[in-house]
Each structure stands twice: as structure tokens, then as C-alpha cells.
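The block underneath contains the structure these notes are about, expressed in C-alpha cells.
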Protein chains: 2
Amino acid sequence: MDEEAPQKGTVTQRAIEEIKAMIAGGRLEPGQRLPTERDLAVQLGISRSSMREAIRALTVLGVLEARHGSGIYVTALEAGDLLETFGVVADLSRGPRLVELLEVRRILESTATALAAARITADRLAEVEKHLTAMNATDDPEEILAHDLAFHREIAGAAGNETMAAILEGLSSRTFRARVWRGYQEEGAFARTRREHAAIHRALVARDPEAARAAAAAHVGEVEEWLRARLRPD
Amino acid sequence: MDEEAPQKGTVTQRAIEEIKAMIAGGRLEPGQRLPTERDLAVQLGISRSSMREAIRALTVLGVLEARHGSGIYVTALEAGDLLETFGVVADLSRGPRLVELLEVRRILESTATALAAARITADRLAEVEKHLTAMNATDDPEEILAHDLAFHREIAGAAGNETMAAILEGLSSRTFRARVWRGYQEEGAFARTRREHAAIHRALVARDPEAARAAAAAHVGEVEEWLRARLRPD
DNA sequence: GCCAGCCAAGTGGTCCGACCACTACAGGTC
DNA sequence: GACCTGTAGTGGTCGGACCACTTGGCTGGC
């Protein structure tokens, strides 16, 4: 058995696996700086070009971070870093898959809201109220969307599971929401949305997890059903 | 306002966004072949090296697929393609985040199993039974793990939501399961695991969604609690 | 002695040109 | 007609050059 790996796939792919293994194996800690591109290339016996492709790939995955002029670093490897790419899925999905994404969001969001009802702090609840008020005080769709996102983001954060919050963040990415919400709100769903948000807020104030779960599920489910119906005729 | 983008970030990053926009905008359809690396580089006014990095990045994200000697193609853009990177998250997570991942899995898996109880076909149910039997017939941990994965994969597939199944697949990636399962099974949890699998199977046969949900939640929850307790002393 | 500013070494970012490995297809051969 | 073969075109790899930026030490003035 030779020390050299027996050429599986492209050299770049091998380099990617190699660096991933270094991190998984603890040889590289979060936040730590890596050797230079040039040194890494020599270590793995490949060209700098190929090494750069590997680094770029791990960068978009949120595993590494390249700082121009400074060096390459391992990210904190927190949920937010690694799940940032989840937004890409939402942005590139169309048709039936959008419904599936909303179904996943309904399941996670309802659970997260239920957990939040039991755990949310007074400070955080005040933050939620702030966005709820701001959302109802304007007619600018852009602003409404922003506060809507923040409203759910605060709640997801209060659930105490960063991974879940990061996934929900990806499932609610700005472009994704904008695409679906546009049509939904055009049908005069503003009033309904406000009622649903108010119901979620009431459940949080009452610290009633089951009511919160039901309100959140209904909220997302409304959009889900609307989208499902909209795709049916096609 | 000039036609040329005013240099946001690296040229490679710009190229990535450009290609993503082409796909999101419908100018590139799933399965379609892209121009050659050389042509694309000219189109965006960047070097082939930078274009290659962009392509590589989109390749690891499951958006593009490069076939040596043939060309670059847009993938089918199905849930499995885009969520393959989800496994990386599971593989690089440690400590408290592993518990969070299991919590997400518990929520999704219990729902998926409940849906499966209502929707699973006879053929698929037979497949589930096959893996259940095979799992109980051997003592080889590797083989048990493989059938365990297949058991849950079949069930997730029967739930009728490919996106959910793809996420669960990522949350159960081989290396992730191997790391957690190892310690769990070493404590003589084989018998308990078998009982839990049997309970899930019974619920599927009885087409009882609520029983299935409870059995699946308990199954994952057991591991979750074990891991939680294991991390506490540290 | 201290601090602001400068400067040089080192790093990632970009580009170029060459060659290799592989695929696909046209054309010839049997 | 089926099979083989050559070839053009593609992605894969390499090496080197230069640019843009960060960093930290050094210099100079206060």
C-alpha cells in the first residue's frame, strides 16, 4: 500500500476530501489558519491552480474563508456558516419542489414556534413585537417582507436550536420568499397574514406551545395550499 | 449605468452569481449543456482559470456537472442533487451541534414516517421488511448500518416528499451515522434498536400514522438523549 | 519614549499559454 | 450493416507571471 492515493477522480476532488478529512479529524480547528495555497499545493503534490479550485469549492460550502492578503482560515463551522448554501436550493427550485420546501418549512417552523413559546425571553419577545408592529404599520411590500422575515427569524432563534434556525433561514431566503409571496399577497392576503401573525404572537405571549404550533402550521400551510392550487391547473 | 458590473467581490464570485442567475431566469434549463469553459470565460470577460473555479464551485453545490471530454451540463436540479452537500454539514459537526442535528432529524423523520404509514405501497413495504429482516439476521456492524440506512431511506421515500427525503439522507450520511452509532451500539443498544424498528414496522403495516410518528420519534429520540447525556459530563 | 506614517515581504486573486486525458463522431474498413 | 480508427473538441492539469491587498516592522518626527 503506497502512501500516495491511487488517483480517485480528479486531483481537485481529492484535495477537497483531504482538507475535509483534516478538519473532521481534528488536525484543523475552527478559526485556524491554513498553510498558503502554494504550500498546500506542494504538500498534496498538485498544482496551485487545482488547489485553488479545491479551496474555492470549500469556500462556497462555508467550510473555509479566504482573506485576500492574509490567508485561508477555517470558518467557525457553525450552523449558519455551513447551511448558507441551503438558500441556493430554495432559489433554484421551481414548481412542485416549491411546495415540498414549504411542507418542510411548515413542519420545522411549527415545531420551532412551539419550542419558542416555551423558551422565549422577555427581551426577545419584545423584539418580535417590534417587527409585528412595524409590519402592520407600512404598506411598502419590501418593508413588510423584511419585517416578516425578521419576525420569524427571532422566533426561530428563540427555539434554542441554531441548526434548525439556519435551515429555516435558508428556506426563507429573500429571493425565495419574494417569488412566492408576490403572487400570494397580490390576491389580498395581507389581512389574513396579519391575523395569522397576531395569532402566533398571542400564543407566544400566552406561552402556549400547542397553540403556537397550530398557528405557525396554519400560517405556512395557507401559503402552501395556495401554491399547490396555483400549480394544479398547469 | 454601464453594462459591465462594477466589480463586486471577486470575478469568480460574480461568475457564480451570473450562472446561477441564468438558471434561475430560465435561460439555462435542467440537463442543458453549457458553452465551453473557454467560451464562457470570454462571454463574462474573465480568464479560463477564474471561470473554472466558478464551475467547480457550482459543481460541488450539485448545480452543474462536468463530463470530461464532453462538456458542462446543468444537473436535473432535483432535491437529491442540490442537497447532497447537506452531508458535509453532518460530517463536520461536533459536540452540541450533533444533538441539534438529531433533533431536526427526529422532527422530520417522525413526520415522514407518519406520512409513509398513510401512503406506503405494498411493494415498498415489502422492501422495508426485507431490510428489517436482513438487519436482524447479521452481527456485522457494517451490514447492520447499511440496512438500517436503507430501512429509513425506503420509509422516507414513501412519504412522497423528495426534498424531505434528501434532507434526511444528508442527516443520516454514512460517516455521521457511523460516528454516533458506534458508541451507542457499544452500550448494548442492539436489542432496543431492534424493538424500535419493529415498532415502526408494525405501525406501517397497521397504516397508523400517529403510532408511526410516535415510534419514529422515540427511535431517534433515544439516540438523541444518549448523546445529550454523553456530552453533559464533558 | 511614543506614535503616526511608510515600506517591504507575504498572501490570495487573476491571467496566460501549454499540454494531457477523455469523449464523441465522422469516415473508412471489413 | 457492424465494427474499428483517426481526429477534432472538450474538460483536467500544470507552471509561471503579475496584480491587489494585508500585515507587521521600521523609520522618522514629535
Side-chain angles (χ1 to χ4, degrees), chain A residues 2 4-20 22-23 28-76 81, chain B residues 2 4-20 22-23 28-76 81:
Chain A
D2 208 338
E4 317 232 346
Q7 285 270 33
K8 1 160 145 179
T10 69
V11 295
T12 302
Q13 196 60 38
R14 199 187 61 192
I16 293 175
E17 300 300 332
E18 205 87 25
I19 295 178
K20 267 175 30 182
M22 285 189 198
I23 296 175
L28 284 177
E29 293 291 330
Q32 185 176 338
R33 182 183 153 170
L34 278 70
T36 69
E37 293 179 344
R38 294 163 175 88
D39 289 347
L40 277 173
V42 172
Q43 280 184 33
L44 298 187
I46 65 179
S47 73
R48 192 187 161 203
S49 314
S50 300
M51 178 55 70
R52 272 191 61 78
E53 287 185 25
I55 293 170
R56 171 72 63 176
L58 289 169
T59 296
V60 301
L61 288 180
V63 176
L64 299 182
E65 180 190 354
R67 301 182 201 158
H68 192 171
S70 173
I72 306 165
Y73 302 78
V74 181
T75 67
D81 301 321
Chain B
D2 208 339
E4 317 231 345
Q7 285 270 36
K8 2 161 148 180
T10 69
V11 296
T12 302
Q13 196 61 38
R14 199 187 60 192
I16 292 175
E17 300 300 332
E18 205 87 26
I19 296 178
K20 265 175 32 182
M22 285 189 198
I23 297 174
L28 285 177
E29 292 292 329
Q32 185 176 338
R33 181 183 154 170
L34 278 70
T36 69
E37 293 179 345
R38 293 162 174 90
D39 289 347
L40 278 172
V42 172
Q43 281 184 32
L44 298 186
I46 65 178
S47 72
R48 192 188 162 202
S49 314
S50 300
M51 179 54 70
R52 273 190 60 78
E53 287 186 25
I55 294 170
R56 171 72 62 176
L58 289 169
T59 297
V60 302
L61 287 180
V63 176
L64 299 182
E65 180 190 355
R67 300 182 203 159
H68 192 171
S70 172
I72 306 165
Y73 301 79
V74 182
T75 67
D81 300 322

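So that the names make sense, note that chain A is the first sequence line, chain B the second, and so on, each numbered from 1.
- Note that the OG1 atom of B:Thr12 and the CD1 atom of B:Ile55 stand 10.5 Å from one another [nearest 0.5 Å].
- Applying the salt bridge (Lys or Arg N to Asp or Glu O under 4.0 Å) test to pairs two or more places apart or on separate chains, those with a residue in residues 49-58 of chain B are A:Arg52-B:Glu53, A:Glu53-B:Arg52, A:Glu53-B:Arg56, A:Arg56-B:Glu53, B:Glu37-B:Arg52.
- Between A:Leu28 atom CG and A:Leu64 atom CG the span is 8.5 Å, to the nearest 0.5 Å.
- Between atom CD1 of residue A:Ile72 and atom CE of residue A:Met51 there is a gap of 8.5 Å, rounded to the nearest 0.5 Å.
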How would nucleotides 3-14 of chain D be written as a contact map, 5' to 3', with B for base contact, S for sugar-phosphate-only contact and - for no contact, using protein heavy atoms under 4.0 Å? ------BBBBBB
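- To the nearest 0.5 angstrom, B:Met22 atom CE is 6.5 Å from B:Leu40 atom CG.
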